[in-house]
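Written below as structure tokens is the structure these notes are about.
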Amino acid sequence: MTAIETATESAGWPADLLAQEFRDKRVLVTGSSRGIGAAVAAAFAQLGARVAIHGRDLAAVETVAAGMGNSVIGLAGDFADKGQTRAVVEQAIDRLGGLDVLVNNAGTMLGRVGLADIDDEFLQQQFDLNAASAVVASRVALPALIVSRGAIVNTGSISGRTGGSAGSSLYSAAKAFQASLARSLATELAPHGIRVNAVSPGTIDTDFHQRYSTPDKLSQTAARIPLKRLGTAGDCVGAYLFLASNRLAGYITGQTIEVNGGQFYN
Ligand SMILES: NC(=O)c1ccc[n+]([C@@H]2O[C@H](COP(=O)([O-])OP(=O)(O)OC[C@H]3O[C@@H](n4cnc5c(N)ncnc54)[C@H](OP(=O)(O)O)[C@@H]3O)[C@@H](O)[C@H]2O)c1
């Protein structure tokens, strides 16, 4: 390729690039009634996408959806239940008229439990919610994503690499699954033009930590982070938009972006 051809290929970046990328795109963000998912869904909606948001309580999700504008619909279902996961994705595709972007974000720690106290039910619930739901959602979305040559973005976690703190073994392993799943499906789905990536948040100040971390633990963590603060849900948004954008990330698949304020380097 000549220098002129190279310059021509990289020319033409429009000032409203993100709006051009996402205007009228059909996006499902699971686990978007609050926290990281809500911030991501709101950003897609502001950029002109038609967005399905999701949580467990229909009335609560519909209230959040209404606050994000009239291009946003609310869906409800428990993602520890495969039948409900399937139904939410089917409804999203049906009501949006297809799907361009699937963000597999629903999940939570479900409690800190040491190995000796992990019973079979807790093991199953952790796996179903934090690992299997992304498989079920992606499988149901696949025919629509084949048509759109769409993108999948999974939510992993820094704990998938570090192992997390005591009592979070199953959650951390399930989050590592999200990054591995993205890497593997990237190869498998590439012939369909579907890209699959992951975002791996560090310690993000959402309701999640109100439930599972003490204020002391959080301030100690913040002090160890090179950027000297916890992340916000908004800090995570750019990575999702980037990975979902064919223009910005069209040659990126099977990757995980760490959004953690440099938390590995301490
Ligand atoms: N915060 C962090 O530091 C951090 C770090 C790494 C990864 N993550 C991951 O990022 C994702 C979002 O977390 P967040 O911090 O934004 O937490 P959050 O504020 O607690 O939001 C969690 C979202 O997942 C949904 N969800 C939880 N359990 C569900 C279930 N059984 N079925 C269906 N939906 C369910 C919640 O819906 P409801 O409103 O109905 O509960 C909510 O929309 C999760 O996958 C989490 O594991 C978070």
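All ligand and atom numbering here is 1-based and tracks the order in the structure. Side chains are part of it too, since the values below use all heavy atoms of this structure and drop only hydrogens, waters and symmetry mates. For reference, positions follow the sequence shown, starting with 1.
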Heavy-atom contacts under 4.0 Å between Ile204 and ligand 1: side chain, backbone, both, or neither?
both
Would you say ligand 1 has an N or O under 3.5 Å from any N or O of Asn105?
yes
Looking at ligand 1, does Gly202 have a heavy atom less than 4.0 Å from it?
yes
Ligand-residue contact atoms, ligand 1 with Ser157, heavy atoms, under 4.0 Å:
6 (C), 7 (C)
Residue part near ligand 1, for Ser32, under 4.0 Å between non-hydrogen atoms
backbone
Could you establish whether Ala233 and ligand 1 come within less than 4.0 Å of each other, counting only heavy atoms on the residue side?
no
Using a strict 4.0 Å cut-off to heavy atoms of His209, name the atoms of ligand 1 that fall inside it.
1 (N), 2 (C), 3 (O)
Do Leu181 and Tyr171 share a hydrophobic cluster, counting only Ile, Leu, Val, Met, Phe, Trp and Tyr and linking them when any side-chain heavy atoms are less than 4.5 Å apart?
no
Are Val51 and Val153 linked, directly or through intermediate hydrophobic residues, by side-chain heavy-atom contacts shorter than 4.5 Å (ILVMFWY only)?
yes
Below the 3.5 angstrom mark, is there an N/O of Gly156, backbone or side chain, next to an N/O of ligand 1?
no
Show me which atoms of ligand 1 lie under 4.0 Å from any heavy atom of Thr203.
3 (O)
Minimum heavy-atom distance Ser138-Ala134, with the two atoms named
OG-O, 2.6 Å
Backbone, side chain, both or neither: what part of Ile36 comes under 4.0 angstrom of ligand 1, heavy atoms only?
both
Which ligand 1 atoms are under 4.0 Å away from a heavy-atom of Gly35?
16 (O), 19 (O)
side-chain hydrogen bond (donor to acceptor under 3.5 Å, both in side chains) partner of Asn105, chosen from Asn154, Thr30, Thr155
Thr155
Given the ring of Phe264, does Arg161 sit roughly above its face, with NZ or CZ under 6.0 Å from the centre of the six-membered ring and within 45° of the axis?
yes
Among Asp205, Thr203, Asp235, side-chain hydrogen bond (donor to acceptor under 3.5 Å, both in side chains) partner for Arg229:
Asp235
Is any N or O atom of Thr108, backbone or side chain, closer than 3.5 Å to an N or O atom of ligand 1?
no
Is it true that Asp24 and Arg50 have a side-chain N and a carboxylate O under 4.0 angstrom from each other?
no
Electrostatic pair Arg34-Asp207, nearest N-O below 4.0 angstrom:
yes
Looking only at protein heavy atoms, which one is nearest to atom 32 (N) of ligand 1, and what is the separation?
Phe79 N, 2.8 Å
Option whose closest heavy atom lies nearest to atom 9 (C) of ligand 1, chosen from Val88, Thr155, Val199:
Thr155
Rounded distance (nearest 0.5 Å) linking atom CZ of Arg86 with atom CZ of Arg139:
6.0 Å
Which residue and heavy atom of the protein sit nearest atom 15 (O) of ligand 1, plus the separation:
Thr206 OG1, 2.5 Å
Please confirm whether Gly37 comes within less than 3.5 Å of ligand 1 when only nitrogen or oxygen atoms on both sides are compared.
no
Please state whether His54 comes within less than 4.0 angstrom of ligand 1, counting heavy atoms only.
yes
To the nearest 0.5 Å, what is the distance between CG on Leu142 and CG on Leu185?
9.0 Å
Looking only at side chains, do Arg183 and Thr253 share a donor and an acceptor under 3.5 Å apart?
no
Atom 27 (C) of ligand 1: of Gly107, Ser213, Ser200, the nearest heavy atom sits on Gly107
Identify the closest protein heavy atom to atom 40 (O) of ligand 1: which residue and atom is it, and at what distance?
Arg56 N, 2.8 Å
Answer yes or no for Ser133: is there a heavy-atom contact with ligand 1 below 4.0 Å?
no
Under 4.0 Å to a heavy atom of Gly55 - the qualifying atoms of ligand 1, by number:
37 (O), 40 (O)
Should Arg211 be listed as contacting ligand 1, given a heavy-atom distance under 4.0 Å as the test?
yes
Consider only side-chain heavy atoms of I, L, V, M, F, W and Y, link residues closer than 4.5 Å, and tell whether Phe122 and Phe127 are in one cluster.
no
For atom 21 (O) of ligand 1, what's the nearest protein heavy atom and its distance?
Arg34 CG, 3.9 Å
With heavy atoms of Gly77 as the reference, note each atom of ligand 1 found under 4.0 Å away.
32 (N), 33 (C)
Determine whether Leu227 and Val259 fall in the same hydrophobic cluster, where Ile, Leu, Val, Met, Phe, Trp and Tyr are linked whenever their side-chain heavy atoms lie under 4.5 Å apart.
no
Of the protein's non-hydrogen atoms, which lies at the shortest distance from atom 23 (C) of ligand 1, and what is that distance?
Gly31 O, 3.6 Å
Heavy-atom side-chain proximity of Ser168 to Gln126 below 4.5 angstrom:
no
Do Pro201 and ligand 1 have an N or O pair less than 3.5 Å apart?
no
With a 4.5 Å cut-off on side-chain heavy atoms, are Leu18 and Leu248 touching?
yes
Nearest-neighbour protein heavy atom for atom 37 (O) of ligand 1, which is reported as residue plus atom name and distance:
Ser33 OG, 3.2 Å
Using a 4.0 Å cut-off to any heavy atom of Tyr171, which atoms of ligand 1 qualify?
7 (C), 8 (N), 9 (C), 46 (C), 47 (O)
Quick check on contacts: which atoms of ligand 1 are under 4.0 angstrom from a heavy atom of Asp78?
30 (C), 31 (N), 32 (N)
Of the non-hydrogen atoms in Ile53 and Ala41, which two are nearest, and what is the gap between them?
CG2-CB, 3.5 Å
